Amino acid sequence: MPAATDSASLLIRDIHTLVLMDARDTVLHGAWVRIEDGAIQQTGAPPQRPPKAGRVISGRHAVAIPGLVNTHHHLYQTLTRAYAPAADAGLFDWLRTLYPVWARLDEESVYAAALAGMAELLLSGCTTTSDHHYVFPRGQGRLIDAEIEAARRIGIRFHPTRGSMSVGRSQGGLPPDSVVEGEDRILADCERVIRKYHDPAPGSMLRVGLAPCSPFSVSPRLLAETADLAGRNGVRLHTHLAETRDEEAYCLRHFGKRPLEVLEDAGWLGRDTWVAHGIYFNRAEIARLGRAGVGIAHCPTANMRLGSGCAPVPRLRRAGCPVGLGVDGSASNDSSHMLAEARQALLVQRLAHGASSLRVRDALRMATVEGARCLGRDDLGSLEPGKRADLALFDLRDIGYSGAGDALSALLLCAPMRVSTLIVNGRVVVEGGELRTLGLNAILTRHGRLARQLAGQPRAHARG
Ligand SMILES: [Zn+2]
């Protein structure tokens, strides 16, 4: 038994409302969480007395939840948020407009973009994020490495995926040839990234996945070989799927198959796969996805922003798919606020399927424990002994929550606020609403400069 005042131990006590997100939907009041060596050791509430710990934080005015899990993002896109020429476009035109801008990405800009996006995620209550990086302009082979370095420095749990595009415009694909790579080179680099960075251990802060961009930017051969490579290395597979009618038309025209069939025939349907969007599945496809246990990253804001459609979330969940949430790339959202995304999911699903289709708790479950399942993590997403100590605390005295009756409902129904305290793997990363690991102003100044440079904008926004 470790000493009660071990410096690696942390107690958050007197928590106004503690949402465990366990199978019984337990919510405790006046509660405490004790953390030891980065893991949840104990939770409890009066009349039990809280144990001692090396460090104590008060949760008196807070609602505490498991750290949010973001299952789909393109961090580099924070550099092209609200990019005027793409502000009113649908997916394919939006992509055609932005590809040439993204063709100018380099390690410095991707690093700065990752830091800015991760800072925004952390401050919104997110403790684990995935990223799907698929743009590798010629000569820029180390962009994944840059974002991994950013994650380490800022202190977020990270699931980067080595993305890819291999079918350029000259071969009938959507992206310009300048941002596609040869398939052998892609596979070799996927292997390099896995070998160098992937940590399969329980509690891991970094796991790599493989993620060809979409059926309309890679070949069926690359899809199949990527699945083989992932299987041999025990890493997960990710891609965009069934996002738009345009994608469906492309697959029918080029392969004579629907998008899901393209993936199925490449050996992708299984528990190690999660896909982003999943809007245009028919009933039979939803049943197959559910049986296979494929995860879905629901990205409501991006789907609304691009007018893509609305994912059939209640049916996907009933079929057995874990459905997590993703903020998606910051050029199609254009935000990395995870709590706002959970609220958006709740609202749009109710709009599409009725008020009883998704409970507040369901939306929070998707943003935490189901998102963790999408990423293959059974050690994240709920606050139970033995799970990693990833927690987000929101201050109920904040303006948006003033007058709220039920603290859990307030998180999803009221306007999303900034996290007050955030703990990742037992480490306090945000305190008093401020990022503690790095200076936010420096991150944003550099990010703003590189974004203007990338977009070719002459005018600077002054930052105080
Ligand atoms: Zn995406």
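Remember, it's 1-based here, ligands and their atoms both numbered in the order they're listed. Given the structure is predicted, the values throughout are model-derived calculations rather than measurements. This chain uses plain numbering: 1 for the first residue, then up along the sequence.
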Asks: If I take the Zn ion (ligand 1) as the centre, what angle separates the NE2 atom of H240 from the NE2 atom of H72? Nearest 10 degrees is fine.
Replies: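 Between NE2 of H240 and NE2 of H72, at the Zn ion (ligand 1), the angle is about 90°.
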Asks: When you measure from the Zn ion (ligand 1) to the N, O or S atoms of C299, does any of those distances fall below 2.8 Å?
Replies: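 Of the N, O and S atoms in C299, none lies under 2.8 Å from the Zn ion (ligand 1), which means no.
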Asks: Would you say the rings of Y250 and F92 are close, in the sense that their centroids are separated by under 6.0 Å?
Replies: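 Here the rings of Y250 and F92 have centres that are no less than 6.0 Å from each other.
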Asks: Apply the side chain to side chain donor-acceptor pair (under 3.5 Å) test between S166 and each candidate in R221, E183, R185; give the one that qualifies.
Replies: E183
Asks: Does H73 bring an N, O or S atom to within less than 2.8 Å of the Zn ion (ligand 1)?
Replies: no
Asks: Does the separation of the ring centres of H240 and H132 fall below 6.0 angstrom?
Replies: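 When the ring centroids of H240 and H132 are compared, they turn out to be within the sub-6.0 Å range.
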Asks: With H298 as reference, evaluate Q349, H277, E370 under the side chain to side chain donor-acceptor pair (under 3.5 Å) test and give the passing residue.
Replies: Q349
Asks: Taking the Zn ion (ligand 1) as the reference point, name the nearest N/O/S atom of D328.
Replies: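 Restricting D328 to its N, O and S atoms, the minimum distance to the Zn ion (ligand 1) goes to OD1.
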Asks: Between H277 and the Zn ion (ligand 1), is there a contact where an N/O/S atom of the residue lies under 2.8 Å from the metal?
Replies: no
Asks: Determine, for F136 and R162, whether the Lys NZ or Arg CZ falls below 6.0 Å from the six-membered ring centre while staying within 45 degrees of the axis.
Replies: yes
Asks: Out of H238, H74, H73, which residue meets the ring-ring contact (aromatic ring centres under 6.0 Å, His included) rule with Y134?
Replies: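 Per the ring-ring contact (aromatic ring centres under 6.0 Å, His included) rule, the option paired with Y134 is H74, out of H238, H74, H73.
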Asks: Tell me, please, if E243 has any N/O/S atom, main chain or side chain, under 2.8 Å from the Zn ion (ligand 1)?
Replies: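 Of the N, O and S atoms in E243, none lies under 2.8 Å from the Zn ion (ligand 1), which means no.
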Asks: Please find the N/O/S atom of H74 nearest to the Zn ion (ligand 1) and write down its name.
Replies: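 This residue's closest N, O or S atom turns out to be NE2.
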